[in-house]
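Below is one structure; the comments refer to it alone.
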Amino acid sequence: LWEAGRFQSWVAPQSEQSLAFYGPDVDNSRIAVFSSNTGSVAPLDNSRSDVITQDDIQLLPLTGRDVYTMLMLLPGVTADTTTARGLGFSVNGQRPSSSNYLLDGVENNSLLVTGPLTAAIPEFLQEYRISTSNYSAEYGRTSGFVANAVTRTGGNAWHADVFVHGENQWLDANGFQENATPIARAPLKEWEPGGFVSGPVRHDRLFVSGGFETRRFRSQGDPASFVLPTRTFVDALAASDFPGQFLRQYVPQSQPEGAACQVTNITAGCFGTAVISPPTPLNREAGMLRLDDSFHKSTERLFARLWIDQLDLPDLIYNPYQQFSARFQQKSASVAAGLVSQITTSVLNEFRASRAGDSTRLDTFQAGVPELVLNTVQAGDQSYTVILPSGASGYNYRNRGANWEVLDNVTWVKGRDAFKAGFGWLQRNPSLELAAYPQLQYADLTHFSNSQPSQLVAETDRLSPTLGPVAPDRAYRYRQFFAFAQDSYHATS
């Protein structure tokens with residue numbers, strides 16, 4: 001064992017590499033003999049590029065079953081967990097956002113997080129190429145790396161793959177920190193079935209391939225403490241008044257009981273701590289359809305591909321009042337086509353075009369309720385922040401994107417020299433909408449029970465003299481918000 005000072009080192013044959021082995025999984029009584037890779041002679045390539053074949057894609061374990069994560073297997077790639085940009089990879093010291101993700105040679109980038117727009121399903125891909133330096137201009141637009149995933153094509157025989165990926169907490173051990181706390185092993189259930197079919201539509205000429213996959217993930221985070229109004233406090237409110245109706249309509253996932261409580265004199269029995277493990281569900285669907293056509297005696301090859309992807313996180317921002325949890329949804333669709341023409345024996349032309357669209361949303365289920373903020377409540381020598389039913393994010397976010405891309409490259413080989421020329425056109429049309437909801441602040445639970453907010457903070461593009469936005473539908477929504485403020489408010493823009 002390493003802790004006991006027992007470790008071994010070997011020198012690989014035909015090299016000066018020292019291989020060290022540590023850990024309790026090493027049995028010193030067993031020896032394996034292997035031959036190292038001595039390398040091979042190949043023509044000079046000005047691009048540092050690695051190709052991962054279909055066999056490796058389907059056999060190697062992948063985080064989240066996304067082929068783009070195989071980038072971590074290459075030299076010069078390190079994990080950068082200090083950032084939320086991209087997939088968290090740093091290539092040759094570059095930022096994780098210095099990336100260019102491609103699908104069949106056309107753009108597959110998410111402009112929101114600078115990562116891939118869609119996940120690359122292993123069963124849908126033929127190969128995966130990663131270029132980390134000196135890539136050609138047609139794959140530029142980044143200083144870090146280019147990750148290009150190529151979808152599978154059909155052949156002269158029909159093939160069908162049916163696959164399923166599953167995970168369950170009964171197959172996993174609890175974490176070290178959880179055992180030390182102690183925290184029980186979190187429930188985990190994941191079910192990811194799918195299928196892929198390929199074959200000929202016309203023998204030696206037209207081929208079709210396609211697949212579909214769905215993913216259902218259910219788990220929960222570590223237990224967290226939430227300070228909430230007790231059931232005793234809710235029962236003390238008049239059912240005919242708004243605060244009583246409001247707290248009876250929206251009930252938290254776990255509500256503390258509490259001792260005696262008087263709304264006129266807030267005591268420790270009016271609020272309590274509830275320990276809740278936030279759920280972390282995830283739903284995802286992905287599908288692919290591709291057509292390939294070879295004509296003119298195989299001197300021209302045409303392909304057309306459709307890829308759809310949908311991601312749903314119902315509790316991305318968790319709220320103990322689950323009606324107010326923020327839901328994240330991302331939908332995308334990509335259509336691409338390409339034509340490879342062998343003009344002469346030494347001239348090759350490649351043409352590609354694509355149209356991609358995506359929609360990203362962060363919504364609160366009960367968007368008609370403003371953000372309710374309660375000032376710190378004092379009980380003895382401690383202060384508490386009591387959570388009221390309201391949105392966890394305070395705003396709704398919507399982002400839409402539409403991309404057009406056209407690429408054409410001509411390669412001419414003359415003896416030992418190769419010349420390439422071409423052009424590219426990329427148009428991105430992002431559209432962002434951000435709706436910030438008003439915030440009502442209360443001094444304490446007594447003021448909330450009496451419907452007496454101390455401050456109203458509203459953010460809008462423009463305000464009318466009555467503090468309502470110009471748009472009629474938004475003005476109606478704000479009038480609903482103002483119904484919470486019955487006595488006084490102070491508005492800022």
Side-chain angles (χ1 to χ4, degrees), residues 52-73 79 86-89 101 103-104 108 110 113 115-128 147 149-154 159-175 185-198 208-221 277-290 305-316 318 325 327-334 356 358-361:
I52 302 175
T53 63
Q54 183 182 2
D55 292 339
D56 294 334
I57 291 174
Q58 295 190 359
L59 294 178
L60 290 175
L62 302 176
T63 302
R65 286 182 41 81
D66 188 352
V67 174
Y68 286 124
T69 60
M70 299 183 74
L71 186 68
M72 281 297 299
L73 301 178
L87 295 181
F89 300 149
Y101 294 93
L103 186 62
D104 292 320
N108 188 34
S110 171
V113 296
L117 182 62
T118 61
I121 310 302
E123 288 77 12
F124 297 174
L125 300 182
Q126 185 73 30
E127 68 176 33
Y128 179 42
V150 181
T151 54
R152 290 175 61 180
T153 63
H159 296 276
D161 297 334
V162 177
F163 54 90
V164 61
H165 173 82
E167 294 185 16
N168 193 282
Q169 73 268 18
W170 301 115
L171 304 176
D172 299 332
N174 202 13
R185 179 176 51 185
L188 172 64
K189 292 181 176 62
E190 183 175 8
W191 184 251
E192 194 170 357
F196 183 86
V197 178
S198 64
V208 63
S209 58
F212 180 79
E213 180 190 76
T214 180
R215 181 183 182 187
R216 295 293 181 269
F217 177 87
R218 298 294 183 270
S219 183
Q220 65 183 30
S277 297
T280 57
L282 183 148
N283 305 312
R284 186 161 206 163
E285 289 83 27
M288 189 272 290
L289 178 64
R290 173 167 175 152
R305 184 260 305 153
L306 168 66
W307 190 291
I308 58 174
D309 190 279
Q310 178 174 321
L311 175 64
D312 181 21
L313 299 172
D315 293 287
L316 179 65
Y318 175 76
S325 295
R327 181 175 190 171
F328 176 83
Q329 292 178 300
Q330 177 177 290
K331 300 178 182 180
S332 63
S334 172
D358 65 282
S359 172
T360 303
R361 300 169 60 101

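Just so you know, these numbers come straight off a predicted model, no measurement behind them.
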_Nearest atoms (heavy-atom pairs only) where Ala186 meets Gln220_ = CB-O, 3.7 Å
*Keeping the roles fixed (side chain from Thr280, backbone from Gly221), state whether a donor-acceptor pair exists under 3.5 Å.*
no
_Between Arg152 and Ser209, a side-chain donor and acceptor under 3.5 Å_ = no
*Taking all non-hydrogen atoms of both residues into account, name the closest pair between Arg284 and Asp309 and its distance.*
NH2-OD1, 3.0 Å
*How many angstroms lie between CZ in Phe196 and CG in Leu125, if you round to the nearest 0.5 Å?*
9.0 Å
_To the nearest 0.5 Å, what is the distance between NE2 on His165 and CH2 on Trp191?_
11.0 Å
*Minimum side-chain heavy-atom gap Met288-Ile121 below 4.5 Å*: no
*Report yes if some heavy atom in the side chain of Arg305 is under 4.5 Å from a heavy atom in the side chain of Ser334; otherwise report no.*
yes
*Is Ser219 reaching over with its side chain to a backbone N or O of Pro187, donor-acceptor style, under 3.5 angstrom?*
yes
*Salt bridge between Glu123 and Arg65, side-chain N to carboxylate O under 4.0 Å?*
yes
*Do Arg216 and Thr214 have a side chain donor and acceptor closer than 3.5 Å?*
yes
*Do Asp66 side-chain atoms and Ala120 backbone N/O form a donor-acceptor pair below 3.5 Å?*
yes
_Heavy-atom pair with the smallest gap, counting every atom of Tyr318 and Pro279_ = CE1-CD, 3.4 Å
*Nearest-0.5 Å distance, CD1 of residue Ile308 to CD of residue Glu285*: 9.0 Å
_Leu311 vs Phe328 side-chain heavy atoms within contact, under 4.5 Å_ = yes
*Decide yes or no for Glu192 and Phe163: does some side-chain heavy atom of the first lie under 4.5 Å from some side-chain heavy atom of the second?*
no
_How close do Gln169 and Leu188 get, counting heavy atoms only, and between which atoms?_
OE1-O, 2.6 Å
_Within-4.5 Å side-chain heavy-atom neighbours: Arg327 and Asp312_ = yes
*Gln330 side chain near Asp358 side chain, heavy-atom distance below 4.5 Å*: no
*Give the intermediate values and the outcome of side chain to side chain contact (heavy atoms under 4.5 Å, CB included) for residues Leu289 and Val208.*
CA-CA 8 Å; Leu289 178 64; Val208 63; 4.0 Å; yes
*Distance, nearest 0.5 Å, that separates OH of Tyr68 from OG1 of Thr118*: 5.5 Å
*Leu117 and Trp307, any side-chain heavy atoms less than 4.5 Å apart*: no
*Do Pro314 and Asn283 touch side chain to side chain, with heavy atoms closer than 4.5 Å?*
yes
*asked:* Can a donor-acceptor pair be found, under 3.5 Å and without considering hydrogens, that links the side chain of Asp104 to the backbone of Thr151?
replied: yes
*Is Glu167 paired with Arg218 through a side-chain N to carboxylate O contact shorter than 4.0 Å?*
no
